Asker: 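One structure coming up, written as structure tokens, with questions to follow.
What you are looking at is a predicted structure, and each value in this text was computed from that prediction instead of being measured. Positions are given from 1, in the same order as the sequence printed here.
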Amino acid sequence: MALRGVSVVELAGLAPGPFCGMVLADFGAQVVRVDRPGAPGDVSRLSRGKRSLAVDLKRRRGAAVVRRLCARADVLLEPFRHGVMEKLQLGPEVLQKENPRLIYARLSGFGQSGRFATVAGHDINYLALSGVLSRLGSSGENPSAPLNLLADFGGGGLMCALGIVMALFERTRSGKGQVIDASMVEGTAYLSSFLWKTKNLGLWEQPRGENLLDGGAPFYTTYRTADGEFMAVGAIEPQFYKLLVKGLGLESDNLPNQMSMADWPEMKKKFAAVFAKKTKAEWCRVFDGTDACVTPVLTLEEVAHHAHNKERGSFVTDGEQGVSPRPAPLLSNTPALPSLERDPLIGEHTEEVLKEFGFSQEEIDQLYSDKVIEGNKLRASL
């Protein structure tokens, strides 16, 4: 796989950090997740392909364990607010002095500088500060976040993974690692560059939810079907819109101009009345295979069974029969091969990992005795 041989130490966190680590693991990196002893596990369920080492970082000797790991690792991924790693004597100045090739990835909500650097937050807060949240939501309603996807995973985890891969590539030329300051606020804002670059084109002049691409247009929104399901419509171009109208059984000559914004509210009502007359399956039979840009809104239970997704193998089933998306993008020569094994238990690989990183059995026994590390051999065997 593309990242075969890359060693990653991931300090356990929530959502964006685990996702970033999982992306790296999916594409071949060897990821060791450093967990807190006694922790309930990865509540984000994003530990696919990783191994777990349980270490008490609040103990000086626990931090020293991680320090030794980082002396041999290619990447450190840490999810804490500014200053936390420095208090543990694990800041980049310390770790990169011992390992100049180390790529030190800092994934946080507000970044490593600025007045909010030490403040708590979640996806919706980062989304709000990026400016993007102000453009999301229905007309006349409060701004609404699209789950916790944009900041946590798009602007956070995925953007950080991109930064790590770029730093790995740059290291092939310089031989040196670098610090990655991955702010979810900035990552989300960068992800929204299209909004900024098109501000003067008239795409966003109307209030939230009343523009071309935010649900305001009758040809770019969703409609309820006779069985309470939904169809998504994205027929922007005239040739596609013509096919939409034809599929709905309407006459173009009897409709207002497609881009007449004043007529959009009434057009949405007209389209909604038509969509309500057939079930989702019936509309699929009308539009499947056409360029009308009309597709079913699939539920998480339906998506893996859709013919197109089945033909591409877009979803994988793990050993516990859990279904999840196949890693993307699909590389022709070195595609990702996600692990189908269960997620690791806390501390399941503690001893195995420490031995790989040069710890003697005597050192490991002493760390166990002093409760600096924790294993999970018994539960793992069960």
Asker: For Arg60, does the CZ atom sit with more than 12 other heavy atoms under 6.0 Å from it, leaving out its own atoms?
Answerer: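 Open.
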Asker: With no hydrogens and no angle check, just 3.5 Å: does a side-chain donor-acceptor pair link Ser192 and Arg135?
Answerer: no
Asker: CZ/Phe153 to CG/Leu191 distance, rounded to the nearest 0.5 angstrom?
Answerer: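 Taking CZ in Phe153 and CG in Leu191, the distance rounds to 14.0 Å.
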Asker: Would a 4.5 Å heavy-atom cut-off, applied to side chains only, mark Arg342 and Glu348 as touching?
Answerer: yes
Asker: Within a radius of less than 6.0 Å around CD of Glu341, do more than 12 heavy atoms belonging to other residues, nucleotides or ligands occur?
Answerer: no
Asker: Are the charged groups of Asp56 and Lys58 less than 4.0 angstrom apart, N to O?
Answerer: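 Salt bridge: no.
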Asker: Report the C-alpha distance between Val34 and Val66 in whole Å, list the side-chain angles of each, state the deciding distance to 0.1 Å, and finish with yes or no for side-chain contact (heavy atoms from CB on, under 4.5 Å).
Answerer: CA-CA 8 Å; Val34 178; Val66 172; 4.1 Å; yes
Asker: Search all heavy atoms of Leu46 against all heavy atoms of Ala15 and return the closest pair with its distance.
Answerer: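 That would be CD1-O, 3.6 Å.
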Asker: For atom NZ of Lys268, decide whether the heavy atoms of other residues, nucleotides or ligands shown that lie under 6.0 angstrom number more than 12.
Answerer: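 Yes, enclosed.
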Asker: Quick one: closest heavy-atom pair of Ala25 and Gly49, and the distance?
Answerer: CB-O, 4.1 Å
Asker: Under 3.5 Å, side chain of Asp123 to main-chain N/O of Asp152, donor-acceptor pair present?
Answerer: yes
Asker: Side chains of Gln361 and Glu351: do they bring a donor and an acceptor to under 3.5 Å?
Answerer: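 Yes, a side-chain donor-acceptor pair sits under 3.5 Å.
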Asker: Is there a path of hydrophobic side-chain contacts, each under 4.5 Å between heavy atoms of I/L/V/M/F/W/Y residues, joining Leu162 to Met1?
Answerer: no
Asker: Taking all non-hydrogen atoms of both residues, which atom of Pro344 and which atom of His349 are closest, and how far apart?
Answerer: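 Answer, listing the atom of Pro344 first, then His349: CB-CE1, 3.7 Å.
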Asker: Atom CG of Asp42 and atom CG of Leu14: how far apart are they, to the nearest 0.5 Å?
Answerer: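 Rounded to the nearest 0.5 Å, the CG-CG separation comes out at 8.0 Å.
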Asker: Taking atom CG of Leu243 as the centre, report whether more than 12 heavy atoms of other residues, nucleotides or ligands fall under 6.0 Å from it.
Answerer: yes
Asker: Does the side chain of Ile164 reach to within under 4.5 Å of the side chain of Leu24, using non-hydrogen atoms?
Answerer: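 Yes - at least one pair of side-chain heavy atoms lies under 4.5 Å apart.
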Asker: Distance-only, no hydrogens or angles: does the Asp291 side chain make a donor-acceptor pair with backbone N or O of Phe240 under 3.5 Å?
Answerer: no
Asker: Are the side chains of Leu76 and Glu10 in contact, using a 4.5 Å heavy-atom criterion?
Answerer: no
Asker: Measure the spacing between CH2 of Trp204 and CH2 of Trp196 and express it to the nearest 0.5 Å.
Answerer: 13.0 Å
Asker: Could you tell me whether the side chain of Arg208 and the main chain of Glu141 form a donor-acceptor pair under 3.5 Å?
Answerer: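 Yes; at least one donor-acceptor contact below 3.5 Å.
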Asker: Once the angle between the rings of His306 and His308 is folded into 0 to 90°, is it parallel (under 30°), tilted (30 to 60°) or perpendicular (over 60°)?
Answerer: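 Taking His308 first and then His306, their aromatic rings stand perpendicular (interplane angle over 60°).
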Asker: So which atom in Ala29 and which in Val8 form the shortest heavy-atom distance, rounded to 0.1 Å?
Answerer: CB-CG2, 4.0 Å
Asker: Going only through I, L, V, M, F, W and Y residues with side-chain contacts under 4.5 Å, is there a path from Val23 to Leu77?
Answerer: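 No.
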Asker: Examine Arg106 relative to Phe80 and say whether NZ or CZ is less than 6.0 Å from the centre of the six-membered ring and inside a 45° cone about the ring axis.
Answerer: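 No cation-pi geometry.
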Asker: Hey, does the side chain of Ser47 reach the backbone of Lys50 with a donor-acceptor pair shorter than 3.5 angstrom?
Answerer: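 Side chain of Ser47 to backbone of Lys50: no pair is present.
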Asker: Would you call Tyr241 and Leu255 a side-chain contact if the rule is heavy atoms closer than 4.5 Å?
Answerer: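 Tyr241 vs Leu255: side chains touch.
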Asker: Would you say that more than 12 heavy atoms from the other residues, nucleotides or ligands in this model lie under 6.0 Å from the CG of Asn257, or not?
Answerer: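 Yes, CG of Asn257 has more than 12 neighbouring heavy atoms, counting only those of other groups under 6.0 Å.
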Asker: Does any part of the side chain of Leu150, heavy atoms only, come nearer than 4.5 Å to the side chain of Tyr126, both counted from C-beta?
Answerer: no
Asker: If hydrophobic clusters are built from ILVMFWY residues whose side chains come within less than 4.5 Å, do Leu244 and Met267 share one?
Answerer: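 Yes, Leu244 and Met267 fall within the same hydrophobic cluster.
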Asker: Working to the nearest 0.5 Å, report the span between OG1 of Thr350 and OH of Tyr368.
Answerer: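 Thr350 OG1 to Tyr368 OH: 5.0 Å, rounded to 0.5 Å.
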Asker: OG/Ser360 to CG/Asp365 distance, rounded to the nearest 0.5 angstrom?
Answerer: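 Going from OG on Ser360 over to CG on Asp365, the span is 8.0 Å.
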Asker: Determine whether the side chains of Ser260 and Asp263 contain a donor N or O and an acceptor N or O closer than 3.5 Å.
Answerer: yes
Asker: Check Ser144 against Gly137 and note the closest heavy-atom contact, atom names and distance.
Answerer: OG-CA, 3.5 Å
Asker: Any side-chain donor paired with an acceptor under 3.5 Å for Gln30 and Ser7?
Answerer: no
Asker: Are there over 12 heavy-atom neighbours, none belonging to Gln239, within less than 6.0 Å of that residue's CD?
Answerer: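 For Gln239, atom CD is crowded (more than 12 foreign heavy atoms under 6.0 Å).
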Asker: Do Thr290 and Lys246 come within less than 4.5 Å of each other through their side chains, counting heavy atoms only?
Answerer: no
Asker: Where do Leu127 and Leu136 land on the side-chain contact (heavy atoms from CB on, under 4.5 Å) test, with the steps shown first?
Answerer: CA-CA 10 Å; Leu127 192 59; Leu136 302 177; 4.2 Å; yes
Asker: Could you check whether any side-chain N or O of Asp370 sits under 3.5 Å from a backbone N or O of Val372, counting only pairs where one atom can act as donor and the other as acceptor?
Answerer: no
Asker: Dump the intermediate steps for side-chain contact (heavy atoms from CB on, under 4.5 Å) on Val233 and Phe287, then the final yes or no.
Answerer: CA-CA 11 Å; Val233 177; Phe287 288 111; over 6 Å; no
Asker: To the nearest 0.5 Å, what is the distance between CE (Met22) and CG (Asp343)?
Answerer: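 Interatomic distance, Met22 CE to Asp343 CG, rounded to 0.5 Å: 9.5 Å.
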Asker: Check whether any side-chain N or O of Asp35 sits under 3.5 Å from a backbone N or O of Ser52 as a donor-acceptor pair, and report yes or no.
Answerer: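 No, Asp35 side chain to Ser52 backbone: no donor-acceptor pair under 3.5 Å.
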Asker: Any side-chain heavy atom of Met85 sitting closer than 4.5 Å to one from Tyr104?
Answerer: yes
Asker: Crowded around Phe116 CZ? As in, over 12 foreign heavy atoms under 6.0 Å?
Answerer: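 12 or below, so no.
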Asker: Mind jotting down which residue pairs meet the side-chain hydrogen bond (donor to acceptor under 3.5 Å, both in side chains) criterion with at least one end in residues 223-235? Sequence neighbours excluded, please.
Answerer: Thr225-Asp227, Glu229-Lys280
Asker: So does Val31 get a backbone contact from the side chain of Arg51, meaning a donor-acceptor N/O pair under 3.5 Å?
Answerer: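 No, Arg51 side chain to Val31 backbone: no donor-acceptor pair under 3.5 Å.
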Asker: If Ile, Leu, Val, Met, Phe, Trp and Tyr residues are connected whenever their side-chain heavy atoms lie under 4.5 Å apart, and connections chain through other members, are Val316 and Leu300 in the same group?
Answerer: no
Asker: Any side-chain heavy atom of Phe27 sitting closer than 4.5 Å to one from Leu331?
Answerer: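 Yes - at least one pair of side-chain heavy atoms lies under 4.5 Å apart.
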Asker: Is a side-chain N or O of Glu98 found less than 3.5 angstrom from the main chain of Leu95, in a donor-acceptor match?
Answerer: no
Asker: Is there a path from Ile364 to Leu69 through hydrophobic residues (I, L, V, M, F, W, Y) whose side chains come within less than 4.5 Å of each other?
Answerer: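 Linked, Ile364 and Leu69 end up in one cluster.
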Asker: For a side-chain contact (heavy atoms from CB on, under 4.5 Å) check, start with the C-alpha distance between Val6 and Leu168, then their side-chain angles and the critical distance, and finish with the verdict.
Answerer: CA-CA 9 Å; Val6 174; Leu168 284 168; 4.1 Å; yes
Asker: Could you pull out the closest heavy-atom pair between Ser324 and Arg48, with the gap in Å?
Answerer: OG-NH1, 3.1 Å
Asker: Taking Glu78 for the side chain and Ala105 for the main chain, is one N or O donor matched with an acceptor at less than 3.5 Å?
Answerer: no
Asker: I'd like to know if the side chain of Gln366 and the backbone of Glu363 have a donor-acceptor N/O pair within less than 3.5 Å.
Answerer: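 Here the side-chain-to-backbone pair does not exist.
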